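Chain letters run A, B, ... following the sequence lines, proteins first and then strands; every chain starts at 1. Keep in mind that this is a model prediction, so the values were computed, not measured.
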Amino acid sequence: MAFDHKEIENKWQRFWAEATVFEVTEDPEKDKYYVLEMFPYPSGKLHMGHVRNYAIGDALARFKRMQGFNVLYPMGYDSFGLPAENAAIEHKANPRLWTYEKINQMRGQQIQMGFSYDWSRMVKTCEPEYYKWNQWIFLKLMEKGLAYRKNAPVNWCEKCQTVLANEQVVNGSCWRCGTEVSEKALEQWFLKITAYADELLAGIDKLTEWPERVRVMQQNWIGKSEGVEIFFKVKDSHHVISTYTAHWNTIYGVTFLVLAPEHPLALELVKGTPKEKDALKFISEMKWLSHIDRVNPDKDKLGFDLGVKAINPVTGREIPVFLTNFVLMDYGTGAVMGTPAHDQRDFEFAKKYGCEVRVVVQPRDRKLAPECMERAFVDEGIMVNSGPFNGLSSAEAMPKVATHLVKERLAKRAVNYKIRDWLVSRQRFWGTPIPVVYCDKCGVVPVPEDKLPVRLPDAAEFGLVGNPLQHVKSFVETTCPRCRAKARRETDTMDTFVDSAWYFLRYSSPREAKKPFDEKKVWQWMPVDQYIGGIEHAILHLLYARFFTKALRDLGLLEVDEPFQRLLAQGMVLKDGAKMSKSLGNVVDPGEIIERFGADTARVFILFAALPEKEFEWSDQGVESARRFLERVYRLVEASKGGMARGEAKEKDLAQSERLLLSKAHRTIQRVTEHMENMRFNYALQALMEFANDLGRLECRDRNVKWFAVRSLVQMLSPFAPHLAEELWQSTKEKGFVSLSKWPACDASRIDVGAETAEAFVESVKADLKNVLALSKIQKPKAVYVFVAAKWKATALAVVREACKGKPDVGLAMKALMARPEFKAQGKQIEAFARAAARKAGETGKPVALDECPSRDPLNKARNAFPLKPAIYVE
RNA sequence: GCACGGGUAGGAAAGCGGCCAAAUCCGCCGGGCUUAGAACCCGGUCGCUCAGUGCGUGCGCAGGUUCGAAUCCUGCCCCGUGCACCA
C-alpha cells in the first residue's frame, strides 16, 4: 500500500477541526450556497444509504466552497422517534441517553468519513432548545386556526399503540412495524395542511429543479379534482342528495345513486320504513370493515337498496338509491351518481344489482349496445341520448353540460382534494409535548409562550399500556394557565415530521434563544440551494416542509415560498440485486470499508459507481479499483514532485506532448467543473481518471506545466478524496488547505483543440515526415515506417501515403520490414522494436536505422514517450 | 388500471441524430517488468478477414421518419417505482 489511509485521514480530520475550516458566518461579500442533506434519525451506525447521501452533498459543498461561495453545510439529528422508545421498553434504557449515545456514534462515523460539516451548527430535535420552538410554532398555528382538535376516525397501530398519519400507512400497514392498521375514533390534533392545498399544488410548477417523479407524486397526493356537485331530489321527500363528479357530461346516463354507509341521509331516508332495520344492519356491517378493506378494489361491491327513488334532474327518471361499501364519506359528498355505461365500478355494481345500463357516449368506431357490454366504455366519444348535447364530442360537451346544469340550478361547481389534514398527535413519550392544558372550566387552554418549553420529564416508566407520559403524575397534573384551577396536561406528543418540517431554518441560527430562528440570518441563507435525500421522503417530509415554509411565511417569519430550490433524490445502493437490509443479510457495513480501504476510497467508489440519482449494485471489485485509482494518483504526484515549479508555462517553449498535457489539464478542468455543477460526479471522476492517465504517459519536462497539471489534479480530487488531496497538497509544498483553495480555472485558450484532434495529428505526421526526409537527405524514400499508438495507425498511414504522393509503397514497406531476418519473430516483437526506434528517434530528433535499436529497450517506455506523436523511419 | 423511470458489449454503467463497434470501471486474454507471484505499465477484448485494411452484424422486439438512428416517432414485450374503488 502506497499510502496509509488511517494516518492521513486522522491527521487531516484533526487539522480541519482544529482550524475550524468548515465553519461559516454570514458574509455579504460572497454569494451564499446552502447544501443540505436530509438529517438522519440517529440509529447509531451509518448505512450505505447515508454514506451515499453525504458523499454526494459533501462533494458538492466542497466544490462550491472552492468556487468561492459562502457555503452553509450543516448536519443535525432527527432525534425524537420510536426506536429510542422501543429501546427503552426493551432494554429499560433511558430514551434520552440511548439517543445521545447513538448520536455520538453516528457523528463519530461522519467525522471519520471526512464530511465538511459546520459542526458548530448542529441541531438535535430532542433538545428543549429545539422543541421549544415546535411548541411555539404549534401555538401560533393554533392562533391562526391551523392547528385544531377533532374527534376523528384515525389510523391506529396496535403494536406501536399510536395514531398514524395517512402518509404513514403503507398498504394498510404501519410504516414502521408493518402491523396491520386498524381504525379508531379519537380526539386528535391536526394541522390544517388542506388550507394550503391549492398553493402547494400550484407551487409544484415552480419546482423546475425537482425530479419529475417527486413532483408527480406530490401532485397525486394533493389530488385536486375540479368537478361539479349535482343535486338529486328524493321522490316524495324534501331531501336532496348531492353527489360530486368529475364526469358530469354523463349525467344523462345516471341510473342509480350510491351512498357511503356513514352518509347522514343513509338512515334518514328509511326512517320509519320497513327497510330501516336492514339498513341499520348493513351500516353496522360496513363499519366493521376497516377503511383499508373498504377501499380495496379487489373486494366485492356490496349494495343495499334503500327502496327510495331519486330523480335524475335532466332525464326526470326515477332511479334507485343504494348504500354501498365502495363510496368513501371523506371524499366528495359521500354520495356518488352511478353511470354504469361509463364507469367500470358502476358497471359492475349495476350488473350485480340489476340497474339499467344507459349509454350516453358512443365510441366513434363502433356502436355500443347496453346488453352486450362487457365492461364500461370510458374513452372519448360522441354524446347520445343526452338531449340537447347529442352529437357533440364528450370533450365539447363538458363545458356546455356544466354551464347548463349550473344555470338550471341543478348543480354547482366544486373542487375536491385527496389530501387530508395532517394528524400530528402521537401517543408516545419520546416526542415534543403538545403545549396545551385541559381545564374543566376553561376547556382547551394553550400553554402561554413564556412557559415554554413544556419539558419532557426526565424519567418515566416504560412498558405500561399506552403513552408512558400518562403515567407521569408530575407532568400530567398541572394548573390551568387561565383560571389556576387544577388541570390536566395534554400527553400526546407531536409527530416527528413536525421536527423535520422546519429544521433547515434552524441551521441559520441554531443557538437563537428568543425565537425559532433569526429572520435576518434565515433571509441570508434560504432557500436551500441543493437538498439531497432518499426518495422515500418524496411525499411526507417534503410536503410538510413546504407547508411549514408557507405557514411560517404567513406568520411573517419568512420571506420565501419554497424551501428547496433544487432537489436530488439519490438512488439506492443495492447488493445482489436487492436493497441492503438486515433481513436479507446483504448489508455492507461502511465502518468496515473505512477501516480497510479508507474514507476516501469509499467516497470515490460510491460517487463513481453511477449517477447520484440512479441505483447501483455494490461491488467489492469496484471498491478496490477506487483505491487503486487513488494509489495511482498518489504515485503520480509523488513522482512528479521533483519536476515541478510554480509559474506560468511559456507556450513557445513547449514540446508537443507538453502542450498537449497543458491542454488536457484545461480540458479536464472544463469537463470536471461542468460535471460538478450538474452533480454528475461519476463523469467528473472519469475525467480525472483519464487525466491521471495522461499525466502518467505524456512526457513533460516543463516544470510549470507539470506543476499546473499536478496541482489541478489534486484540487479537483479534493471533493472526492479530501484527505489524500490535503496530504498531496501539503507534500507538493502548497500553502494552506486544499479544501479552501480556489478551484482551478479553465483557460479555454489553453485548450489546444488541434493537439487533441486527428487534424492536429495529421499535421504533426506531415511535419515530421518532412523533417525526417530533410534530415535523412532521402528525397525519394523507398519505404516509410510510421510508428504510433494503435488508434492513430490508419490516420497516419493515410497521411503518409498522401504526403508521399504514392511514391513509396507504405504497405510494402511494412512487408519489407516483416521480411527482415531480425524481425522474423512475432508481430508483437516488431512492434516493440519499432517503438524502441520511435523512442530513440524522439530522443535524438533524428531518424534511426532499425538495426540501431536497442533490442531490450522496454516497450512500455517507448509507448509512454509517444502516445500520439508518430515516429517515422524512412529508407 | 393510471403516472413516472428503465431495458446498451461477459458484468456494472455512459451516450440520447453524423466525430459510435459505442466513454469509464470491473472481468478476461496477450505482452512488459520480475527468480516467481502480487502490485505496477502497455496492448487487445462482437464476428470474419488483413501487412496496412476491409466487410458483416449490432444498443429489448417490430415498424417508421431521415442522406444518416443506440439516439427522434409509432406499436408491442419485459423490469423497476409510486398512486390506486377519489366518483
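Comparing B:A22 with B:C67, their P atoms are spaced 26 Å from each other, to the whole Å. For the P atom pair drawn from B:C73 and B:U65, the interatomic distance equals 15 Å after rounding to whole Å. Straight-line distance between the C1' atoms of B:U66 and B:C83: roughly 39 Å, to the nearest whole Å. Taking atom C1' in both B:G30 and B:U81, the straight-line distance is 45 Å, to the nearest Å. Across the C1' atoms, B:C46 and B:U8 are found 13 Å apart, a figure rounded to whole Å. The same atom, P, is picked in B:G64 and in B:G82; the two are 38 Å apart, to the nearest Å. Taking atom C1' in both B:U53 and B:C59, one finds a spacing of 26 Å when rounded to whole Å. Separating the P atom of B:G27 from that of B:G15 is a span of 24 Å, rounded to the nearest Å.
For the pair A:Arg345 CZ and B:C2 P, the computed distance is 14 Å after rounding to whole Å. A straight line from CD of A:Gln344 to C1' of B:C86 spans 16 Å, rounded to a whole angstrom. A straight line from CG of A:Leu259 to P of B:A87 spans 18 Å, rounded to a whole angstrom. In this structure, A:Tyr331 places its OH atom 12 Å from P of B:A84, rounding to the nearest Å. Taking atom NE2 on A:His537 and atom C1' on B:G82, their separation rounds to 15 Å, with Å as the unit. Atom P of nucleotide B:G5 and atom CZ of A:Phe616 are separated by 22 Å, given to the nearest angstrom. Spacing between atom CD1 of A:Ile539 and atom P of B:G82 amounts to 10 Å, rounded to whole angstrom units. Look at CG on A:Leu328: it is 11 Å from P on B:A84, rounded to the nearest Å.
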Distance-only donor-acceptor pairs under 3.5 Å for side chains of residues 246-260 of chain A, two or more places apart:
from     : atom 1 : to       : atom 2 : distance (Å)
A:Trp248 : NE1    : A:Met398 : O      : 2.7
A:Thr250 : OG1    : A:His247 : O      : 2.8
A:Thr255 : OG1    : A:Glu356 : O      : 2.7

Enumerate, atom names and distances included, each donor-acceptor pair closer than 3.5 Å involving a side-chain atom of residues 333-341 of chain A, sequence neighbours excluded.
from     : atom 1 : to       : atom 2 : distance (Å)
A:Thr333 : OG1    : A:Ser242 : O      : 2.6
A:Thr333 : OG1    : A:Ala335 : N      : 3.3
A:Thr333 : OG1    : A:Ala335 : O      : 3.2

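If you find the closest nucleotide of RNA chain B to A:Met217 and to A:Met337, the one lying nearer the 5' end belongs to A:Met217. If A:Ala335 and A:Arg213 are placed on RNA chain B by their nearest nucleotide, the residue sitting closer to the 5' end is A:Arg213.
Using a 30° and 60° split on the angle between ring planes, A:Phe322 and A:Tyr353 fall in the tilted class, from 30° to 60°. Taking the six-membered ring for Trp and thresholds of 30 and 60 degrees, A:His342 and A:Phe377 have ring planes more than 60 degrees apart, a perpendicular arrangement. By the 30° and 60° cut-offs, the orientation of the rings of A:His537 relative to A:His541 is perpendicular.
Scanning for salt bridge (Lys or Arg N to Asp or Glu O under 4.0 Å) contacts around A:Glu674 gives an empty result, with sequence neighbours left out. The salt bridge (Lys or Arg N to Asp or Glu O under 4.0 Å) test applied to A:Arg358 returns no partner, not counting sequence neighbours.
A:His5 and A:Arg596 form no side-chain donor-acceptor contact under 3.5 Å, judged by distance and modelled atom types alone.
Among the duplex regions that RNA chain B forms, those built from at least three successive Watson-Crick or G-U pairs under 3.5 Å are B:1-7 with B:77-83, B:10-12 with B:24-26, B:27-32 with B:40-45, B:46-48 with B:54-56, B:60-64 with B:72-76, ordered by first number.
Using a 4.0 Å heavy-atom distance criterion, A:Leu611 is classed as a sugar-phosphate-only contact. If you check every strand for non-hydrogen atoms under 4.0 Å, A:Arg680 touches sugar and phosphate atoms only.
For A:Lys351, the NZ atom sits in a packed shell: over 12 heavy atoms of surrounding residues, nucleotides or ligands are nearer than 6.0 Å.
Salt bridge A:Lys352/A:Glu348: absent, no basic N to carboxylate O contact under 4.0 Å. With respect to the salt-bridge test (charged N to carboxylate O, under 4.0 angstrom), the residues A:Glu226 and A:Arg413 do not qualify.
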Can you check nucleotides 22-27 of chain B for protein contacts, nitrogen or oxygen pairs under 3.5 Å, and list what you find?
from  : atom 1 : to       : atom 2 : distance (Å)
B:A23 : O2'    : A:Gln686 : NE2    : 3.1
B:A23 : O2'    : A:Glu690 : OE2    : 3.4
B:A23 : N1     : A:Gln686 : OE1    : 3.4
B:A23 : N3     : A:Gln686 : OE1    : 2.6
B:A23 : N3     : A:Gln686 : NE2    : 2.7
B:U24 : O4'    : A:Gln686 : NE2    : 3.4
B:C25 : O2'    : A:Ser625 : OG     : 3.0
B:C26 : OP1    : A:Arg628 : NH1    : 3.1
B:C26 : O2'    : A:Gln621 : OE1    : 2.9

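The side chain of A:Val216 sits closest to B:C4 out of B:C83, B:C4, B:A87. Checking B:C83, B:A87, B:C85 against every side-chain atom of A:Asn325, the shortest atom distance belongs to B:C85.
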